Peer 1: 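Quick one: the structure is below, and I'll ask about it shortly.
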Amino acid sequence: MTSQLDRRRALVSAPDVVEVVRDAVPELRPGEALVEMLVSGVCGSDKAGAHGEHAFFKPPYYPGHEVVGVVVAVADGVDEVVVGERVTVEPTLVCGHCKPCRQGAENLCENLEFFGCGYREGGMADAFSVPARRLHKIPASFSDYQAALVEPLATPVHAVRLAGDLDGKTVAVLGSGTIGLLTLVAARHAGAGKIVSTDTLAAKRDLAVSLGATAAVDARADDLARAVRGELGESADIVFDCVANQATVESAIKMAVKGGTVVVVGGARKPVTIDLPVVQEYQVRLQGSATYRWEDFDRAVDILASGALDADRFITATFPLADAAKAFAAITSGNEVKILVVADRGGN
Ligand SMILES: [Zn+2]
Ligand SMILES: [Zn+2]
């Protein structure tokens, strides 16, 4: 049994080494809350980070940035949340005073720290401390599983917002992993017309169609841009690249309409080469999208509350915290959609 004084937490200690270590429950610093984890998702960025392939953070790190829990203590003066509330973490820990923060683009904070990605605390733990101002309350009607999808959905919500008005537009979504499928859901919710998704796996293509894609194309097609245009019946007004490698960025630019937009949503592992003459001559807008802002979390909650997504179907595997290493191994397989680590208080 975990005592009040210690806790277990996952640690990616070296490339492809995930351990569960025991240490003291942290003392709260000003402005912080102590939260007991209920569930914590494993993200594509965790996969890259654990392999040592993420562009911006490397082991060792304490994972868990898609976390739902219950507030069990707050530091003096904290009034954003109260003990007993169920919350999810907005993991972008922003400074609040740099130029982007002052301009309301706190996701682009120049002094950004990221909870669960290189920060001293992560959510994949019996309990963790976090700045209380980064906590969002979860509606009582939500299951823990639904709540675990708020953070992953906020990323596509942000990307869709950056894309502009989607009403009636033709959309392509490259990749049908968690981010690709949630981008499809967010684009559908924003009023897109035809949406064509892609993936190499038939099961994920089927899931895309069941979530509202007009069609789903095998990403291994010889000419993916042509195949997607064929299903759309025209070029794509907006392409969301949720894979972001050399091949997908090339295809994305080819399937976009002249004057269209390519939004890079996926976390690129390394630089890619762009056909700049085409980008210029066809006036293609290449738009990066980084995490989310506070209002994107609120919109994600609204979309989930509308019943747009069956969380139980979307979450394809769960592992107790004690088996965090197995959860990371499972995401590496690529066959699962969303994997959660779940509380197992009293476990070893
Ligand atoms: Zn994530
Ligand atoms: Zn800042």
Side-chain angles (χ1 to χ4, degrees), residues 10 12 18 31 37 39-51 53-58 61-69 88-119 121-124 128 130-131 133-134 136 145 147-159 175-183 185-186 240 242-244 264-269 288-294 296-297 300 304 309 311 314-317 324 327-328 330-332 334 336-341:
V12 181
V18 179
M37 178 195 80
V39 296
S40 180
V42 188
C43 176
S45 69
D46 284 315
K47 178 164 97 178
H51 291 335
E53 292 171 353
H54 197 280
F56 298 102
F57 69 97
K58 307 242 181 280
Y61 75 99
Y62 294 102
H65 64 272
E66 303 176 358
V67 60
V68 178
T88 190
V89 175
E90 183 167 346
T92 41
L93 306 179
V94 304
C95 79
H97 53 72
C98 71
K99 182 171 164 181
C101 278
R102 289 199 314 273
Q103 294 176 340
E106 79 266 17
N107 59 313
L108 305 178
C109 174
E110 290 171 348
N111 306 301
L112 188 66
E113 289 191 283
F114 209 95
F115 180 86
C117 302
Y119 184 62
E121 290 285 300
M124 216 173 276
F128 56 87
V130 62
R133 64 191 164 81
R134 303 314 282 169
H136 292 256
Y145 285 11
L149 296 177
V150 172
E151 190 275 351
L153 180 56
T155 294
V157 163
H158 185 70
S176 297
T178 300
I179 289 294
L181 291 170
L182 293 177
T183 298
V185 168
F240 294 98
C242 301
V243 182
V264 181
V265 193
R269 303 275 177 92
S289 182
T291 63
Y292 25 65
R293 300 191 341 208
W294 189 263
D296 298 318
F297 263 62
L304 288 164
L309 191 59
F314 204 76
I315 290 158
T316 54
F328 275 76
I331 196 170
T332 300
E336 305 293 346
V337 183
K338 179 48 72 183
I339 297 169
L340 297 184
V341 166

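Along the sequence shown, residues are numbered consecutively beginning with 1. For clarity, every value in this text was computed on a predicted model and none was experimentally measured. Every number for a ligand or one of its atoms is a count from 1 in the order of the listing.
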Peer 1: So, for Pro152 and Lys338, which heavy atoms are closest and what is the spacing to 0.1 Å?
Peer 2: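 Smallest interatomic distance, heavy atoms only, reads CG-CE, 4.2 Å.
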Peer 1: Would you please classify the geometry between the Tyr292 ring and the Phe297 ring as parallel, tilted or perpendicular, with 30° and 60° separating the classes?
Peer 2: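 Rings of Phe297 and Tyr292: perpendicular, as their planes differ by over 60°.
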Peer 1: So which heavy atom on Lys58 is nearest to which on Glu53, and how close?
Peer 2: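 Smallest interatomic distance, heavy atoms only, reads NZ-C, 4.4 Å.
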Peer 1: Taking 2.8 Å as the limit, list every protein N, O or S atom around the Zn ion (ligand 1), by chain and residue number.
Peer 2: Cys43 SG, His65 NE2, Glu66 OE2
Peer 1: Locate the shortest heavy-atom distance separating Gly44 from Ile331; write the atom from each residue and the value.
Peer 2: N-CD1, 4.0 Å
Peer 1: With a 6.0 Å cut-off on ring centres, are Phe128 and Tyr62 close enough?
Peer 2: no
Peer 1: CG/Leu93 to SG/Cys117 distance, rounded to the nearest 0.5 angstrom?
Peer 2: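 Answer for the CG-SG pair, Leu93 versus Cys117, is 10.0 Å.
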Peer 1: Heavy atoms only: give me the nearest Arg102-His97 pair and the separation to one decimal.
Peer 2: NH1-O, 3.0 Å
Peer 1: Let me know which of Arg134, Arg293, Glu106 forms a side-chain hydrogen bond (donor to acceptor under 3.5 Å, both in side chains) with Thr92.
Peer 2: Arg134
Peer 1: For the Zn ion (ligand 2), what is the number of protein N, O or S atoms at a distance under 2.8 Å?
Peer 2: 4
Peer 1: Which pair of heavy atoms, one from Thr183 and one from Cys242, lies closest together, and at what distance?
Peer 2: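 Heavy atoms only, the tightest pair is OG1-SG, 3.6 Å.
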